[in-house]
Amino acid sequence: MTGVTLKDFSASYGGRAVLQGISGVFPSGALTFILGPNGSGKSTLLKALGGALPFRGEVKVGEHDLASVPARIRGRLVGVAGQAPSLNTPFTAGEIIAMGRLPHRKFPGGGDEGGKEALERAARAMELDGLLTRQASTLSGGERQRTLIAQVIAQDPKVFLLDEPSSALDPKHTLGLFRFLKRVAGEGRTVAAAVHDINLAAEFADWVWLLNDGDLHASGRAEEVLTAKILSKVYGVSFAPVSPAGGGRPLWRAV
Ligand code: ADP
Ligand code: MG
């Protein structure tokens with residue numbers, strides 16, 4: 001099993017510490033939602049786990065120590081879709097998705113077993129089949145976002161990390177994305193997404209991290225963390241539960 005375990009994890013920009021000594025897990029086989037107010041450290045956490053920012057402390061991905069695995073192995077373990085991409089590159093959507101296969105190639109230009117199927121699966125999952133030959137800079141914001149998520153799907157990592165993956169998506173694609181991520185987690189992978197919509201978490205999360213000012217204020221099963229008391233404390237507004245029409249966990253309305 002390839003869950004992610006952080007121990008005493010810290011990350012800084014220059015001398016300014018943002019995340020200070022947090023410890024917690026993203027369980028394998030679970031969809032984790034990373035919640036928290038603006039500036040609480042969600043993107044910093046995902047950047048550091050994705051290798052774009054140094055960190056201190058220990059991160060275990062399954063048995064692997066993330067800080068010491070070679071880059072290509074790391075690319076098979078962890079895939080990250082970053083926040084709000086601009087994608088002003090000359091590459092087509094299809095080429096950008098195909099870049100996700102780099103960690104699987106024997107050497108640059110070498111073979112990629114399973115690559116064709118992985119690319120087809122990624123394009124299909126994000127409904128990009130008709131857009132693959134389009135230059136990325138000509139795509140809409142939501143199409144660009146789906147392209148970068150498709151790159152991670154093509155990468156086929158054990159751990160999927162996504163930073164606000166539905167921020168530019170319409171309701172249909174948002175639902176499609178989280179249903180897909182739930183299936184990915186159901187295959188035994190680890191999926192963690194930073195999201196603002198508490199009600200998406202109420203509907204889809206197995207596990208929740210709630211960050212507050214660089215600290216992991218609460219983490220655990222969704223029903224343990226998504227309570228009026230905890231949400232109100234961290235977000236600084238009151239929350240009232242709303243019973244969903246079809247049953248299930250309560251949704252939350254800020255009041
Ligand atoms: P979130 O994603 O939860 O909204 P971030 O992780 O982006 O929050 O930011 C956490 C804190 O780090 C904020 O105070 C933000 O201003 C600061 N920060 C983010 N990026 C940088 C950067 N490149 N340089 C300096 N400070 C940054
Ligand atoms: Mg962010």
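We count ligands from 1, going down the list as the structure has it; atoms in each ligand are counted the same way.
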Give the residue, atom name and distance (to 0.1 Å) of the protein heavy atom nearest [atom].
atom                    : value
atom 7 (O) of ligand 1  : Ser43 CB, 3.6 Å
atom 19 (C) of ligand 1 : Tyr13 CE1, 3.4 Å
atom 13 (C) of ligand 1 : Gly39 O, 3.7 Å

Common cluster, Val234/Trp209, ILVMFWY with side-chain heavy-atom separation under 4.5 Å
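No, Val234 does not connect to Trp209 through the hydrophobic network.
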Practice item. I would like to know whether Glu164 and His196 meet side-chain hydrogen bond (donor to acceptor under 3.5 Å, both in side chains); could you show each step before the answer? Key: CA-CA 7 Å; Glu164 299 199 26; His196 273 300; 3.2 Å; yes
Margin query: Val18 versus ligand 1: do any nitrogen or oxygen atoms come within less than 3.5 Å of each other?
Written below: no
> Should Lys42 be counted as touching ligand 1, given the test is an N or O pair under 3.5 Å?
Replying inline: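 Yes, since at least one N or O of Lys42 sits under 3.5 Å from an N or O of ligand 1.
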query = Any chance CZ of Arg134 has more than 12 other-residue heavy atoms, nucleotides or ligands included, within less than 6.0 Å?
reply =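 Above 12, so yes.
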Open item on the list: Quick check on Ser40 - does any of its heavy atoms sit under 4.0 Å from an atom of ligand 1?
Closed with: yes
So for Arg16 against ligand 1, with non-hydrogen atoms under 4.0 Å, the contacting part is side chain
- [ ] With heavy atoms under 4.0 Å as the rule, classify the contact between Pro37 and ligand 1 as side chain, backbone, both or neither.
- [x]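 The part of Pro37 near ligand 1 is the backbone, not the side chain.
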Q. Quick one: are Glu120 and Asp129 in side-chain contact, heavy atoms under 4.5 Å?
A. no
Going by heavy atoms in the side chains, are Phe26 and Val61 under 4.5 Å from each other?
no
Only heavy atoms of [X], strictly under 4.0 Å: list the atoms of ligand 1 that pass.
X     : value
Asn38 : 4 (O)
Thr44 : 5 (P), 6 (O), 9 (O), 10 (C)
Gly41 : 1 (P), 3 (O), 6 (O), 8 (O), 10 (C)

- Under 3.5 Å, is there a donor-acceptor pair between the side chain of Lys182 and the main chain of Phe204?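 Indeed, once roles are kept as given, a pair shorter than 3.5 Å links the two residues.
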- Can any side-chain N or O of Arg249 pair as donor or acceptor with the backbone N or O of Ala202 at less than 3.5 Å?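 Yes; at least one donor-acceptor contact below 3.5 Å.
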**Prompt:** Parallel under 30°, tilted from 30 to 60°, perpendicular over 60°: which one fits the rings of Phe239 and Trp252?
**Reply:** perpendicular
Heteroatom test (N, O or S) for Thr44 near the Mg ion (ligand 2), limit 2.8 Å: no
